[in-house]
Amino acid sequence: MKRSHLLLLIPVMWILAGCPVAVDHPLGFPGKEKIDERLVGNWATADTSAEILSLRITKIDAYTLHAKVLQRGSMYAEEVDDFTGWCTELNGRQFMYFQDAADPKSGYYSYCYWFDGNNLVASDFSLKVGGVDAVVSTEAYRAEVQASMGFSDWLGTAFTYSKR
């Protein structure tokens, strides 16, 4: 019986650890919001606990990014390394969100980001009010994130990337 409780705890711990979860709806409006050109470049982190150790972000057009994972971390869970990405803003915070470049029906991964000098800091975040179940549309996702931003612990683990 104790073993079954431990097995049930593993997915809960995964969620609480802040690992990004793919959702069915984008956080923003692809093709309608301009990208943040400061994101373009090769980025790497020295933090070996990061899911992505290095990546290249290129500009496809004024509204779309391409992200290529160059070096995976040990916790990287995706089977692909190429993503299409976009940017959006909520409550004065910047977000980038990505989808498998080869599968326009795949889920979206979203991150809050900011710059610390020349370094890019990217953080996953928690949906603190209704959780993933509340994400039934882009508008509902945005409302859930905005409501979650009211909690002091809404941001998860942040990783700092330097431009290479």
Side-chain angles (χ1 to χ4, degrees), residues 8 10-41 43 45 50-53 55-70 72-73 75-115 120-161:
L8 290 173
I10 292 172
V12 173
M13 289 169 42
W14 182 268
I15 291 167
L16 294 176
C19 296
V21 175
V23 297
D24 292 337
H25 302 280
L27 184 57
F29 306 95
K32 297 191 188 293
E33 298 171 285
K34 291 204 175 202
I35 62 166
D36 184 343
E37 297 208 20
R38 299 175 298 170
L39 293 169
V40 174
W43 299 95
T45 183
E51 289 181 34
I52 298 171
L53 300 177
L55 74 155
R56 175 182 304 119
I57 299 176
T58 55
K59 176 181 173 179
I60 294 175
D61 59 38
Y63 303 96
T64 314
L65 297 166
H66 175 262
K68 169 84 172 169
V69 175
L70 301 175
R72 297 175 174 193
M75 297 299 289
Y76 190 79
E78 283 298 303
E79 294 181 15
V80 299
D81 294 322
D82 288 290
F83 297 87
T84 303
W86 303 271
C87 297
T88 194
E89 182 180 330
L90 283 169
N91 289 357
R93 293 289 213 145
Q94 300 299 314
F95 294 85
M96 55 184 159
Y97 56 101
F98 298 94
Q99 181 182 48
D100 178 351
D103 184 3
K105 294 184 181 196
S106 65
Y108 296 86
Y109 294 93
S110 301
Y111 302 87
C112 183
Y113 75 91
W114 59 94
F115 288 91
L120 168 65
V121 183
S123 177
D124 52 4
F125 53 89
S126 298
L127 301 178
K128 304 292 245 171
V129 180
V132 176
D133 291 340
V135 181
V136 296
S137 67
T138 294
E139 292 75 13
Y141 190 15
R142 292 175 70 83
E144 175 66 23
V145 172
Q146 287 176 315
S148 297
M149 291 168 87
F151 292 82
S152 62
D153 61 345
W154 75 281
L155 283 175
T157 304
F159 293 102
T160 301
Y161 292 85

Can R93 and L155 be said to form a side-chain contact (heavy atoms from CB on, under 4.5 Å), step by step?
-> CA-CA 11 Å; R93 293 289 213 145; L155 283 175; 3.6 Å; yes
If you measure from [atom1] on [X] to [atom2] on [Y], what distance do you get to the nearest 0.5 Å?
X	Y	atom1	atom2	answer
T84	D103	OG1	CG	10.5 Å
L127	F125	CG	CZ	6.0 Å
Q99	K105	CD	NZ	11.0 Å
Q94	D36	CD	CG	6.0 Å
L120	I57	CG	CD1	6.5 Å
Y111	I52	OH	CD1	5.0 Å

Hey, is CZ on R56 packed in by over 12 heavy atoms from elsewhere, all under 6.0 Å?
->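 Counting other residues, nucleotides and ligands, CZ of R56 stays at 12 neighbours or fewer.
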Restricting to non-hydrogen atoms, name the atom on [X] and the atom on [Y] that form the minimum distance, rounded to 0.1 Å.
X	Y	result
Y161	L53	CE2-O, 4.0 Å
F151	K128	CD1-CB, 3.6 Å
I35	L65	CD1-CD2, 3.5 Å
W154	S148	CB-O, 3.0 Å
T138	P26	OG1-O, 3.1 Å
F115	L39	CZ-CD2, 4.0 Å

Pairwise side-chain contact, [X] with [Y], heavy-atom cut-off 4.5 Å (strictly under):
X	Y	value
F29	E139	yes
W86	T64	yes
E51	V69	no
D153	S126	no
L27	L90	yes

Do D24 and V135 pass the side-chain contact (heavy atoms from CB on, under 4.5 Å) test, and can you show the C-alpha distance, the side-chain angles, and the key distance before you say yes or no?
-> CA-CA 8 Å; D24 292 337; V135 181; over 6 Å; no
Kindly determine whether T88 and R142 satisfy side-chain contact (heavy atoms from CB on, under 4.5 Å), including the steps that lead there.
-> CA-CA 10 Å; T88 194; R142 292 175 70 83; 2.9 Å; yes
Report the C-alpha distance between T58 and K68 in whole Å, list the side-chain angles of each, state the deciding distance to 0.1 Å, and finish with yes or no for side-chain contact (heavy atoms from CB on, under 4.5 Å).
-> CA-CA 8 Å; T58 55; K68 169 84 172 169; over 6 Å; no
Y108 and Y141: aromatic ring centres closer than 6.0 Å?
-> no
